[in-house]
Structures are given as C-alpha cells and as structure tokens.
Amino acid sequence: MSSPRQRLLDALQAPSAGPLARPSAAADATTRQLVEQLEREQPADLVRDQPLLTGVWELRWSSSRQPWLREAPWLENLQVLDPNRGLGMNLLRLKGPLGSIAAISVVAALELCPPQRVSVQFQRGGWIGPRLGGNRWELLATVRQSFPAWLDITVLDQELRVCRGNAGTLFALVRRPDLCAAELLPA
C-alpha cells in the first residue's frame with residue numbers, strides 16, 4: 001500500500017470529471033484526512049525547508065467555498081513564491097493558450113516567521129498580460145489590506161505544500177516545475 005503522502009499526491013493530480021465538477025463529500029473528507037495525517041507525520045520547518053518554498057505552486061484542493069480559493073479544471077490557480085526577494089503572487093489564469101492574456105493577480109510582500117508562518121502583506125492587484133519582447137503588460141492597482149494575513153506552511157517538500165491561512169482555510173498545492181517564478185512575477 002502506498003504512503004499517505006503518495007495517496008494525497010495521487011488524489012491531487014487526478015483529473016476532475018468536468019468544468020463544474022466538485023469532489024464528492026467522501027473524496028473531500030478523504031483528502032482532508034490525508035492532509036491532517038501528513039501535518040502530524042511530516043511537519044514543515046521553514047528554518048530547514050525554506051529553499052523548497054521558492055517556485056510556482058498550483059492549488060489542487062482547498063477547504064474554502066470561495067470560488068477564487070478553489071481548484072477548477074478550466075483555471076490555473078497558482079501561487080508564485082520567491083521568499084529570497086520577499087515576494088509572492090496569487091495568479092488566476094485560464095488554462096490553455098489564453099492563460100497569458102486573461103490573468104488576474106495579487107502581488108504581496110512576504111516575510112518568513114519560522115518555524116511555519118509566512119506573513120503576507122498584499123500590495124497590488126489587477127491584470128497581468130503577456131510578455132512582448134522584454135516587457136510585460138500590467139495593469140495593477142494598490143491594494144489596501146485592512147487585516148493581518150498569513151499562511152502557516154504545515155507540510156513542505158519538493159512536490160507538495162500544505163498550508164493553513166489566517167481564516168482557517170486549508171490548502172494543498174503541488175509544485176509546477178514547468179513554470180518559472182521569475183517569468184511570472186511582475187516587474
């Protein structure tokens with residue numbers, strides 16, 4: 001029998017049944033159980049694991065009911081992290097060739113607060129377009145964050161990241177090695 005980590009990765013990488021498909025209640029409960037088991041068995045430590053944060057991560061499961069905090073088969077829900085630069089970005093874009101044209105982002109300053117917390121200060125949000133030549137089209141406005149935001153990184157390895165947000169939402173993400181953080185982050 002495979003490990004809880006492998007069963008979770010398999011569940012997170014399974015294709016959905018359609019554009020509006022939601023996991024069944026049983027599948028949702030199983031995913032939550034695997035996540036919570038891994039949090040106990042494989043806790044992250046940002047002092048040790050901080051280099052693993054850098055990169056592009058795709059949201060594959062969330063306990064949230066908010067549509068922008070959920071996975072969808074027609075949408076890439078990405079989180080781009082560069083803690084060495086103190087920079088992160090949430091990026092929603094359509095899957096396929098229109099993804100570079102129809103992308104909505106929120107850029108944030110990040111501060112690591114070991115052993116597991118990452119403080120998030122949202123700064124700018126809006127549209128990020130395609131790169132043409134050496135430049136990217138961007139239409140970003142200042143975001144006024146009225147509350148403290150943070151993520152507790154509870155599981156972290158080369159392929160998998162689990163975190164809990166300041167509102168109690170549980171997220172499971174998989175690394176996207178085909179995407180480069182430096183190419184996606186705004187100037």
Applying side-chain contact (heavy atoms from CB on, under 4.5 Å) to Gln50 and Leu156, what does each step give before you reach the verdict?
CA-CA 9 Å; Gln50 184 266 328; Leu156 179 61; over 6 Å; no
Can you find a pair of side-chain heavy atoms, one from Val106 and one from Arg124, that are under 4.5 Å apart?
no
Measuring only between side-chain heavy atoms, which start at C-beta, is Val107 closer than 4.5 Å to Phe122?
no
Would a distance-only check, ignoring hydrogens and angles, find a side-chain to backbone donor-acceptor pair under 3.5 Å from Asn166 to Trp150?
yes
Salt bridge (charged side-chain N to carboxylate O under 4.0 Å, His left out) against Arg176, all qualifying residues, sequence neighbours excluded:
Glu58, Glu76, Asp178
Quick check against the 3.5 Å criterion: does Arg7 have a side-chain atom that pairs as donor or acceptor with the backbone of Thr31?
no
Are Asn77 and Glu71 linked by a side-chain donor-acceptor pair shorter than 3.5 Å?
no
Just by modelled atom types, is the Phe147 backbone N or O under 3.5 Å from a matching donor or acceptor in the Gln145 side chain?
yes
Indicate yes or no for a side-chain donor-acceptor contact from Arg93 to the backbone of Ala103 under 3.5 Å, with no hydrogens or angles considered.
no
Carefully, step by step, assess Val80 and Leu179 under the rule side-chain contact (heavy atoms from CB on, under 4.5 Å).
CA-CA 9 Å; Val80 185; Leu179 298 174; over 6 Å; no
Is the backbone N or O of Ala26 less than 3.5 Å from a side-chain atom of Thr30, with the two atoms forming a donor-acceptor pair by type?
yes
Tell me every residue that passes salt bridge (charged side-chain N to carboxylate O under 4.0 Å, His left out) with Glu41, counting only those two or more places apart in sequence or in another chain.
none
Mind checking the CD-CG spacing from Gln13 to Leu8? Nearest 0.5 Å is all I need.
9.5 Å
Side chains of Arg161 and Leu53, heavy atoms from C-beta outward: is any pair under 4.5 Å?
yes
Please answer: with hydrophobic residues joined when any side-chain heavy atoms are less than 4.5 Å apart, are Trp57 and Leu69 in the same cluster?
yes
Please answer whether the main-chain N or O of Val162 pairs with a side-chain N or O of Thr154 as donor and acceptor at a distance below 3.5 Å.
yes
Any donor and acceptor pair, going by atom type alone, linking the side chain of Asp157 with main-chain N or O of Leu160 inside 3.5 Å?
yes
Distance (rounded to the nearest 0.5 Å) between Leu46 CG and Leu112 CG:
6.0 Å
Any side-chain heavy atom of Leu38 within less than 4.5 Å of one from Gln33?
no
Residues pairing under side-chain hydrogen bond (donor to acceptor under 3.5 Å, both in side chains) where one sits in residues 108-118, two or more places apart or in two chains, turn out to be Arg117-Asp152
Are any of the side-chain heavy atoms of Gln123 and Val143 separated by less than 4.5 Å?
no
Given side chains that start at C-beta, do those of Pro83 and Val118 come closer than 4.5 Å, heavy atoms only?
no
Trp74 reachable from Leu59 in the ILVMFWY side-chain graph, under 4.5 Å edges:
yes
